[in-house]
Student: 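The following block contains the structure, expressed as structure tokens.
Just so it is clear, the values below take in all heavy atoms, side chains as well, and ignore hydrogens, waters and symmetry mates.
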Protein chains: 2
Amino acid sequence: MAKAPKAQFSIGEVAQTSGVKVPTIRYYEEIGLLPSPPRTDGGRRAYGAEDMRRLAFIRHARELGFEIDAIRTLLRLQDEPDQSCAAADAIARDRLMEVERRIASLTALKAELERMVEGCSHGHVGECRVIEILADHGECRFHEGPAEPAAFGQ
Amino acid sequence: MAKAPKAQFSIGEVAQTSGVKVPTIRYYEEIGLLPSPPRTDGGRRAYGAEDMRRLAFIRHARELGFEIDAIRTLLRLQDEPDQSCAAADAIARDRLMEVERRIASLTALKAELERMVEGCSHGHVGECRVIEILADHGECRFHEGPAEPAAFGQ
DNA sequence: CTAATTCCTCCAGCGACTAGAGGAGCAAGC
DNA sequence: GCTTGCTCCTCTAGTCGCTGGAGGAATTAG
């Protein structure tokens with residue numbers, strides 16, 4: 001039963017079907033997220049179905065905002081189906097909490113931006129609410145503790 | 001009337017009162033967001049009150065997630081109070097729309113993560129909902145058009 | 001056989017910082 | 001004066017997750 005010649009795919013095909021760009025696929029290989037596939041005689045990467053699955057997993061996890069390191073852990077877990085899934089659960093829970101924090105922060109941000117935009121009288125800059133609020137933090141309703149100073153924007 | 005000796009602040013003091021870290025202040029100077037202040041005899045930066053105000057403006061704008069380039073424009077506008085504030089208004093509106101998009105995306109994401117976490121039976125990995133959903137994109141309720149492929153996470 | 005396309009590697013860059021090395025200035029206490 | 005310890009200086013390199021380009025080899029279509 002050494003048949004089934006194993007479909008092989010070029011990196012371009014893999015990119016097309018997975019929606020992950022070619023340089024990104026090579027990057028994932030470089031950082032050890034995706035195994036180095038065998039090469040053709042001409043030195044080109046030849047991927048198999050398992051690689052496709054793995055890349056789909058990665059892509060999906062990235063879409064859901066998991067960090068590369070978290071994905072590494074999740075992939076390791078996936079390879080050992082008998083282990084407890086507590087670790088995977090914890091990673092997903094962490095991510096959920098982070099997303100909830102983000103939404104809360106962005107909602108406060110939205111309110112503040114609305115206040116800026118609605119208050120703008122469309123006159124000249126000297127009396128512009130947008131500039132005014134930016135200049136005077138005291139006027140602002142959007143305050144956060146100094147816990148996560150750089151997490152607002154994104 | 002050449003009095004009022006102009007209070008001077010060291011970079012450390014400025015950092016303390018503004019909440020912006022010392023290297024970040026130097027970085028802002030390097031990229032031309034903050035003017036290069038005069039130096040003391042010993043070569044140290046000596047900031048005045050106007051610099052403090054400018055930095056507070058920058059910090060606040062960064063907190064609200066404006067990009068450096070947008071802040072550059074806003075600062076230029078602030079310096080010319082007779083101009084129309086349409087540009088400032090547009091920047092704030094853009095930002096607001098972006099934030100709204102982010103919130104929508106994150107809300108969908110949150111739902112998907114909840115589905116993962118709630119479905120997890122806390123058994124072993126082989127039947128873990130978290131891994132399962134990540135592996136099979138078809139099962140996932142969280143789909144977005146390919147418009148902004150990298151904006152999910154943050 | 002040629003031309004177009006795809007692939008290869010390597011290196012540089014993005015944004016917005018952050019961290020560290022190695023050295024100089026400065027204020028306070030002895 | 002001298003030492004201690006803090007702050008400051010410049011410069012370089014690293015972070016994260018890619019993205020893009022140069023320059024060249026391999027494959028495919030006509």
Side-chain angles (χ1 to χ4, degrees), chain A residues 8-34 36-47 51 55 58-75 95 98 102 146 148-154, chain B residues 8-34 36-47 51 55 58-75 95 98 102 146 148-154:
Chain A
Q8 307 241 316
F9 310 98
S10 75
I11 196 167
E13 285 163 343
V14 172
Q16 195 98 44
T17 53
S18 69
V20 178
K21 289 184 193 156
V22 169
T24 304
I25 296 173
R26 285 197 279 247
Y27 169 72
Y28 286 159
E29 181 183 337
E30 193 187 309
I31 62 170
L33 209 58
L34 210 55
S36 300
R39 303 291 184 111
T40 65
D41 291 356
R44 293 170 174 220
R45 290 169 179 82
Y47 293 95
D51 297 307
L55 188 57
I58 295 168
R59 198 223 154 162
H60 193 187
R62 284 297 298 141
E63 268 180 17
L64 294 174
F66 288 94
E67 292 175 7
I68 296 286
D69 243 32
I71 296 174
R72 219 186 284 276
T73 306
L74 290 169
L75 282 168
R95 178 73 192 130
E98 201 191 308
R102 283 269 157 95
E148 249 178 314
F152 299 107
Q154 287 79 336
Chain B
Q8 309 242 316
F9 309 98
S10 73
I11 197 169
E13 285 164 343
V14 172
Q16 196 99 45
T17 53
S18 69
V20 178
K21 289 185 194 155
V22 168
T24 305
I25 296 173
R26 285 196 279 248
Y27 169 72
Y28 286 160
E29 181 184 335
E30 193 187 308
I31 62 169
L33 209 57
L34 210 54
S36 300
R39 302 291 184 111
T40 66
D41 293 355
R44 297 175 169 212
R45 288 168 178 84
Y47 293 96
D51 298 307
L55 189 55
I58 295 168
R59 198 225 154 161
H60 192 187
R62 283 298 297 140
E63 269 180 15
L64 294 175
F66 289 94
E67 292 173 7
I68 296 286
D69 242 31
I71 296 174
R72 219 184 284 276
T73 306
L74 290 169
L75 281 169
R95 178 73 191 130
E98 200 191 309
R102 283 267 158 95
E148 250 178 313
F152 299 107
Q154 287 80 337

Student: Considering only D:dT19, C:dC8, C:dA16, which nucleotide approaches the side chain of A:Arg45 most closely?
Tutor: C:dC8

Student: Identify the heavy atoms of A:Pro37 and A:Ala46 that sit nearest to each other, and give their distance.
Tutor: CB-O, 3.6 Å

Student: How would you label the contact of B:Arg26 with the nucleic acid (heavy atoms, under 4.0 Å): base, sugar-phosphate, or nothing?
Tutor: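 B:Arg26: base contact, heavy atoms under 4.0 Å.
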
Student: Please report the distance, rounded to the nearest Å, between CD1 in B:Ile25 and P in D:dC9.
Tutor: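 About 10 Å, once rounded to whole Å.
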
Student: Among D:dC8, C:dT9, D:dA26, which nucleotide has an atom closest to any side-chain atom of B:Ser10?
Tutor: D:dC8

Student: So which one's nearest nucleotide on DNA chain C is more toward 5', B:Asp69 or B:Gly43?
Tutor: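 Closest to the 5' end, via its nearest nucleotide, is B:Asp69.
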
Student: For the pair made of CG in B:Asp41 and P in D:dC9, what is the distance, rounded to whole Å?
Tutor: 14 Å

Student: When you measure from the side chain of A:Tyr28, which nucleotide among D:dC18, C:dC8, D:dG20 comes out closest?
Tutor: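 When the side chain of A:Tyr28 is considered, D:dC18 is the closest of D:dC18, C:dC8, D:dG20.
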
Student: For the pair made of CD1 in B:Ile71 and C1' in C:dA16, what is the distance, rounded to whole Å?
Tutor: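 Whole-Å distance recorded here is 10 Å.
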
Student: Nearest-Å distance, CZ (B:Arg62) to P (C:dG15)?
Tutor: 12 Å

Student: Taking all heavy atoms of B:Gln8 and all of B:Glu13, pick out the closest pair and write down the distance.
Tutor: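 B:Gln8 and B:Glu13 have their closest heavy atoms at O-OE1, 4.1 Å.
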
Student: Without swapping roles, check the side chain of A:Arg95 against the backbone of A:Gly65 for a donor-acceptor pair under 3.5 Å.
Tutor: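 Checking the backbone N and O of A:Gly65 against the side chain of A:Arg95, a donor-acceptor pair under 3.5 Å is found.
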
Student: Are any of B:Thr24's side-chain N or O atoms less than 4.0 Å away from OP1 or OP2 of C:dT18?
Tutor: yes

Student: How long is the line joining CD of B:Glu30 and P of C:dG15, in whole Å?
Tutor: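 B:Glu30 atom CD is separated from C:dG15 atom P by 13 Å.
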
Student: Identify, between A:Gly42 and A:Tyr27, the residue whose nearest nucleotide on DNA chain D lies closer to the 5' end.
Tutor: A:Tyr27

Student: Please pick, from D:dT19, C:dC17, C:dT18, the nucleotide with the shortest atom-to-atom distance to any side-chain atom of A:Pro23.
Tutor: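 Closest nucleotide among those given: D:dT19.
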
Student: Between atom CD1 in B:Ile58 and atom C1' in C:dA16, what is the gap in whole Å?
Tutor: 13 Å

Student: Which heavy atom of B:Phe9 sits nearest to which heavy atom of B:Val14, and what is that distance?
Tutor: CB-CG2, 3.7 Å

Student: Rounded to the nearest angstrom, tell me the gap between atom CD in A:Glu63 and atom C1' in D:dC18.
Tutor: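 Taking atom C1' of D:dC18 as the reference, CD of A:Glu63 is at 16 Å.
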
Student: Checking B:Arg59 side chain against B:Ser18 main chain: does a donor-acceptor pair fall under 3.5 Å?
Tutor: yes

Student: In whole angstroms, how far is the P atom of C:dT5 from the CD atom of A:Gln16?
Tutor: 15 Å

Student: Mind checking if B:Ile31 touches a base, just sugar-phosphate, or nothing, with heavy atoms under 4.0 Å?
Tutor: nothing

Student: D:dC8, D:dG17, D:dT27: which one has an atom nearest the side-chain heavy atoms of B:Arg44?
Tutor: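 For the B:Arg44 side chain, the nearest candidate turns out to be D:dC8.
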
Student: Among D:dG17, D:dC9, D:dT27, which nucleotide has an atom closest to any side-chain atom of B:Arg39?
Tutor: D:dC9

